[in-house]
Trainee: 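The structure follows.
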Amino acid sequence: MKILTLNFLTCAVKACKSSAASYPLHPQEVELAKDEMEYNPQAMLNFLLRLDWAALRMTATELGFATLPEEMPTAEDLQQDELKMRQLHELLLETHVVSGKLVCGNCGHEYGIKEGIANFLLPSHLV
Amino acid sequence: MLPTPDTSHVPYTLVYEPAEDSFLLLDTLSSPSEVSFLSSHFSPFPATTTTISSPRSQPQGAPLVLEVGSGSGVVTAFLTANAGRLFGHAAVLTLSTDVNVFACSATAKTTTRACAGEGERQRSSGTTDGDGNETENDAGPGAYLASLRADLATPFLPGSVDVLVFNPPYVPTPSVPRRMEQRGGPPPRGGGGGGGGGEKKPGYEEEIYLLELSYAGGDKGMEVTDRLLDSLPEVLSPRGCAYVLMCAQNKPQQVRERIRRWDAGRDDSNNAGNNGARWMAETVGSSGKKAGWEKLEIVRIWREFGKVGDK
């Protein structure tokens, strides 16, 4: 599961969707791995435009990566800063969560990750 | 014809084997009309513009593609490996969900392999393909983000999915299978709060259960599809669309009419209603096998903006 995935996920419990605390989920006890992927600057720019910067910033900090700037760099800045783009490419697309858990900040439910696959099936009392 | 991803590694006693329905999805998604829809609807951010609006209220940039119930992964792999050809650019993010953990593993493997093969072809052919009209950046595979074990699209952020593809369990049956742990049997691997991996060899009863999950649609074959349809207004982005496969017994004509009556104004979570939005549902692919018991069709569902009053 690539790190960028966390930008699109929230708690599977219906009642949590309306709570700001349910997004992003908090990674805990994670084991990370790196898998190289070809760098495509034009595609990378489009990936960055698609994501929620504040949530990404929180995820990066919680995973122990270098703190990202508060404001998302503009497309112009990024196009002139290949190093920054490559760092983001490495964090978002080359770094995988192999195992660990994702925790909802609202209800505290823990979603396990094993062999790169996160399990979002809820126990029957939460469905 | 784009190549069909190789699924020869998939254990077909545990995971649905690609069949007529899967191939109809591949043919439909790569048909000229859908390639034209997808590439005009999800055109890339132009390299020269610099205005960035809030991505959550009105997503722009790379489309997020989600296949629900990915099974062997043949569709997810096809969409990811051929992203450049289907969308006109390689800036495409893909994800898949399945309740069957063996399907989750199979999809990840099928997709990784298909993309590696596609990347190889791109590199060996240089900056243009055989027809000499595609640049390397345009034609490459998209980025496959994750294989998730989940019920439908339940873990997705509201308003986040741009293209949702679903080949559901559509066969009418007395009921849909209940989860293993709810009927007194042993819990399935990694059930409850556990992880997704840890594949021990499943027993015969679990094999039957996994097979049932892939086809048993309950009443009119629509119990699972109806739950998915109900979630679309919330999970799709304003520009989002869904491709849902149905068979004749699902009464697709009635389903399309029902969707067109949905009130796009009620989707206040993403402000789609403020623009004169209305829901559309059209058949965009069909297997045309009228004599057989199973005529299949693929319905595209999406919102259209600013055309109130037009017919």
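Chain letters run A, B, ... following the sequence lines, proteins first and then strands; every chain starts at 1.
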Trainee: Picking from Thr5(A), Ile3(A), Leu92(A), what satisfies side chain to side chain contact (heavy atoms under 4.5 Å, CB included) with Leu145(B)?
Mentor: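 Only one of Thr5(A), Ile3(A), Leu92(A) forms a side chain to side chain contact (heavy atoms under 4.5 Å, CB included) with Leu145(B), namely Thr5(A).
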Trainee: Can you tell if the side chain of Phe156(B) reaches within under 4.5 Å of the side chain of Leu9(A), non-hydrogen atoms only?
Mentor: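 Yes. Closest side-chain heavy atoms under 4.5 Å.
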Trainee: Taking it one step at a time, do Val92(B) and Asn46(A) satisfy side chain to side chain contact (heavy atoms under 4.5 Å, CB included)?
Mentor: CA-CA 9 Å; Val92(B) 176; Asn46(A) 276 280; over 6 Å; no
Trainee: Would you mind reporting whether Ser160(B) and Thr10(A) have side-chain heavy atoms less than 4.5 Å apart?
Mentor: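 No, side chains not in contact.
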Trainee: Asp151(B) versus Leu122(A): any side-chain heavy-atom pair under 4.5 Å?
Mentor: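 No, too far: nothing below the 4.5 Å cut-off.
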Trainee: Measure the shortest side-chain to side-chain distance between Leu157(B) and Lys17(A) over non-hydrogen atoms and say whether it is less than 4.5 angstrom.
Mentor: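 No - every pair of side-chain heavy atoms lies 4.5 Å or more apart.
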Trainee: Provide the closest heavy-atom pair for Ala90(B) versus Asn40(A) in the form atom of the first, atom of the second, distance.
Mentor: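 Result for this residue pair: CB-ND2, 4.3 Å.
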Trainee: Which heavy atom of Leu49(A) sits nearest a heavy atom of Gly61(B), and at what distance?
Mentor: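 Of all heavy-atom pairs spanning Leu49(A) and Gly61(B), the closest is CB-CA, 4.3 Å.
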Trainee: So do Arg149(B) and Leu121(A) actually touch side chain to side chain, heavy atoms under 4.5 Å?
Mentor: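 Yes, their side chains come closer than 4.5 Å.
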Trainee: Side chain, backbone, both or neither: which part of Asn7(A) has a non-hydrogen atom closer than 4.5 Å to chain B?
Mentor: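 When you check distances to chain B, only backbone atoms of Asn7(A) fall under 4.5 Å.
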Trainee: Calculate, to the nearest 0.5 Å, the distance between atoms OG and NZ belonging to Ser231(B) and Lys14(A) respectively.
Mentor: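 Taking OG in Ser231(B) and NZ in Lys14(A), the distance rounds to 8.0 Å.
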Trainee: Under a 4.5 Å heavy-atom cut-off, does chain A meet the side chain of Leu148(B), its backbone, both or neither?
Mentor: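 Answer is both: backbone and side chain atoms of Leu148(B) are under 4.5 Å from chain A.
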Trainee: Quick one: are Ser105(B) and Ile117(A) in side-chain contact, heavy atoms under 4.5 Å?
Mentor: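 Answer yes - side chains close enough.
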Trainee: Backbone N or O of Ala62(B) within a donor-acceptor pair of the Arg50(A) side chain at under 3.5 Å?
Mentor: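 Side chain of Arg50(A) to backbone of Ala62(B): a pair is present.
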Trainee: Is any side-chain heavy atom of Phe8(A) closer than 4.5 Å to one of Leu66(B)?
Mentor: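 The answer is no, as the side chains (C-beta and beyond) never meet within the 4.5 Å cut-off.
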